[in-house]
Amino acid sequence: MKELNKYSKAVTQDPTQPAAQAMLHAIGLTKEDFKKPLVGIASTGYEGNPCNMHLNALAKLVKKGTINKGVIGLIFNTIGVSDGISMGTPGMRFSLPSRDVIADSMETVVQAMSYDGMITVVGCDKNMPGALMAMIRVNKPSILVYGGTIDSGCHNGEKLDIVSAFEAWGSKVAGKMSESEFETIVEKACPGAGACGGMYTANTMASAIEALGMTLPFNSSNPATGEEKKEDALKAGEAMRVLLEKDIKPSDVITKKSLENAIRLVTILGGSTNAVLHFLAIARAANISFTLQDFQRISDNTPFLADLKPSGKYLMEDVHRVGGIPAVMKYLLSKGLLHGDCLTVTGKTIAENLAEVEDLQEGQDVIMPTETPIKASGHLRMLYGNLAPDGSVAKITGKEGLKYKGTAKVFEGEYEANDGIRDGKVRKGDVVVIRYEGPKGGPGMPEMLKPTAAIMGAGLGKDVALITDGRFSGGTHGFVVGHITPEAQEGGAIALVKDGDTITIDANTNSIILEVSEEELESRKAKWIAPPLKVTRGVLYKYAKTVSSASLGCVTDEF
């Protein structure tokens, strides 16, 4: 029989470790328990965010599942940052850095405590990639549990979600919505526990990680509230026994082919641009070559099928209603769009997992057929040009058009842009340029949901483009380009743009061009002086000094 406690035996079985054993007795373990594997259950649960407020309760169910199968599950906690709450504030600068803090802290506990495996219970955007990066680094039997999507709100018969609140603010400041209706939408948008309801970053990452093979089937689409999510947690705890017995590690599951499955699903679903940033980092952690060119290759050969918010009308709860992510994956497998032979944390392959799954509900219109896609190729576009020689990321569904040419309206940061949009400085035909918001310049590469939602709310969504060296929420839609590299803080061309310059963005040629001569750009660059970092100490200073570019995933562990 395979040794299941090959790491924990260093503290539980070694007679020269009496202090460790005394401490484990203190937490209630017996001599018989010392023969069992110890598994860390990492929860990102905390009270301050609906995405995470229920996770500690789920972690207890995970623990129950481990005990059911003769495994000792031991719960510990790490941090989380709510993107929705911090959005548009200085706190958003801490959101992306939290991914690496989560990864570092989970890795630290599991390795320091000699655990034999790990189960992560996660909710909001950065929790999932952070947890997955930790699993990869530790490379012990591991499984991820997603806390699930929030239920929709409702106002005047229309479904609401978190982006409804942001866009309502844009409508209010544009004079298109009353104060009382605005307040009603804010009160009704988020009815309880769960992550933001559309195909935003949390649901994007959860779906992709299921396709990657690192969660149990249905984990990503089962809602946060209800018995199915509780069953998810219990089964994940029980599944750890199989993973330990078969010694299935992240390195056995995460391969180039499984990464392709994940990004294929992101493309089908019209998922968040943040998936690009996070999967670059995940691939680097796994030592797998996966670049912006791979994202473009997959996007070029994958149709966009899901009529989901932010660009569509449905929410993740509707995906659940018509069969869930496994039903979507089964359809893709039947169309030759997934690698069915990839191993998963069930101990079975993708194809084996999907064999008994029911097909997508007959007559549903959440997921379009491949024969009549929303867009024949993917919405994720990796754009290059003199404005982004190292690349940038656009989310273009086709509803915005495929080409935009306009004049630059430059803002030195998000707050200035928010004020400018509110005060009517942004007009039809503009390309809003928000700079010095990259991983170093932000620092922390904050999301630009507030300005993009304000543009949408003001009715300018089809008449204005926005580019930035920052990033976007999964809730963002419109003609937007982020992750421009090199960033302004590093002297990238985005730092050299002036009001009135012509900028052309073309999704047909995957290009983003500043229509200024090379000689003029060189002249501007000679006069450019790098501004000092906005911080001089603390976690953001450490992040700014160690973080890589967005085109490399903003990793912080490669000095």
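Each of Glu447, Arg93, Glu487, Gln489 was scored for a side chain to side chain contact (heavy atoms under 4.5 Å, CB included) with Glu437, with one residue passing: Arg93.
Within a 6.0 Å sphere centred on CD of Glu371, heavy atoms belonging to other residues, nucleotides or ligands number more than 12. Atom CD of Glu179 has more than 12 neighbouring heavy atoms from other residues, nucleotides or ligands inside a 6.0 Å radius. The number of heavy-atom neighbours closer than 6.0 Å to NZ of Lys60, taken from other residues, nucleotides and ligands shown, is 12 or below. In Lys534, the NZ atom is crowded: over 12 heavy atoms of neighbouring residues, nucleotides or ligands sit closer than 6.0 Å. More than 12 heavy atoms of other residues, nucleotides or ligands shown are found within 6.0 angstrom of NZ on Lys159. By the neighbour-count criterion of 12 heavy atoms within 6.0 Å, atom CD of Glu158 is sparsely surrounded, having that number or fewer from other residues, nucleotides or ligands.
Side-chain polar atoms of Ser43 and Asn56 form a donor-acceptor pair below 3.5 angstrom. Side chain to side chain, Asn127 and Asn52 meet the donor-acceptor criterion of an N or O pair below 3.5 Å. Ser105 and Thr78 form a side-chain donor-acceptor contact under 3.5 Å, judged by distance and modelled atom types alone. For the 3.5 Å distance criterion, the side chains of Thr201 and Asp83 fail to qualify, holding no donor opposite an acceptor. Using modelled atom types, one finds a donor on one side chain and an acceptor on the other under 3.5 Å when comparing Ser551 with Thr485. If you check the side chains of Ser377 and Lys375, you find a donor sitting under 3.5 Å from an acceptor.
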How far apart are the C-alpha atoms of Asn203 and Tyr146, what are their side-chain angles, what is the distance that settles it, and do they pass the side-chain hydrogen bond (donor to acceptor under 3.5 Å, both in side chains) test? CA-CA 9 Å; Asn203 283 326; Tyr146 173 49; 2.7 Å; yes
Run Asp430 and Arg427 through salt bridge (charged side-chain N to carboxylate O under 4.0 Å, His left out) and show every step you take. CA-CA 6 Å; Asp430 283 345; Arg427 297 182 175 87; 5.9 Å; no
Check the pair Tyr314, Asp365 against side-chain hydrogen bond (donor to acceptor under 3.5 Å, both in side chains), reporting the backbone distance first and the verdict last. CA-CA 9 Å; Tyr314 290 115; Asp365 63 348; 2.6 Å; yes
Determine, step by step, whether Ser220 and Glu210 satisfy the side-chain hydrogen bond (donor to acceptor under 3.5 Å, both in side chains) criterion, reporting the C-alpha distance in whole Å, the side-chain angles of both residues, the deciding distance to 0.1 Å, and the verdict. CA-CA 7 Å; Ser220 64; Glu210 183 170 328; 2.8 Å; yes
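Proximity of His155 to Glu181: side-chain heavy atoms (C-beta onward) are separated by under 4.5 Å at one or more points. Side-chain atoms of Ile325 and Leu269, non-hydrogen and from C-beta on, do get closer than 4.5 Å to each other. The side-chain heavy atoms of Leu514 and Ile503, taken from C-beta on, include a pair separated by under 4.5 Å.
Once rounded to the nearest 0.5 Å, the distance linking CG of Leu305 with CD1 of Ile268 reads 4.0 Å. To the nearest 0.5 Å, atom CZ of residue Phe182 and atom NZ of residue Lys176 are 16.0 Å apart. With rounding to the nearest 0.5 angstrom, the NZ atom of Lys63 is 15.0 Å from the CG atom of Leu58. Taken from NZ in Lys309 to SG in Cys196, the straight-line distance is 12.0 Å, to the nearest 0.5 Å. Here Phe76 contributes atom CZ and Ile41 contributes atom CD1; the two are 9.5 Å apart, rounded to the nearest 0.5 Å.
Pro191 and Gly153 get closest at one heavy-atom pair: CD-N, 4.0 Å. Between Ser164 and Ile185 the shortest heavy-atom distance is O-CG2, 3.9 Å. Scanning all heavy atoms of the two residues, the minimum distance from Leu383 to Ala394 falls at CD1-CB, 3.9 Å. Closest non-hydrogen pair, Asp151 versus Glu317, comes out as CA-OE1, 3.7 Å. When all heavy atoms are compared, the tightest approach of Ile484 to Ala388 is CG2-CB, 4.1 Å. Shown here for Tyr415 and Gly88, the closest heavy-atom pair between the two residues is CE2-O, 3.5 Å.
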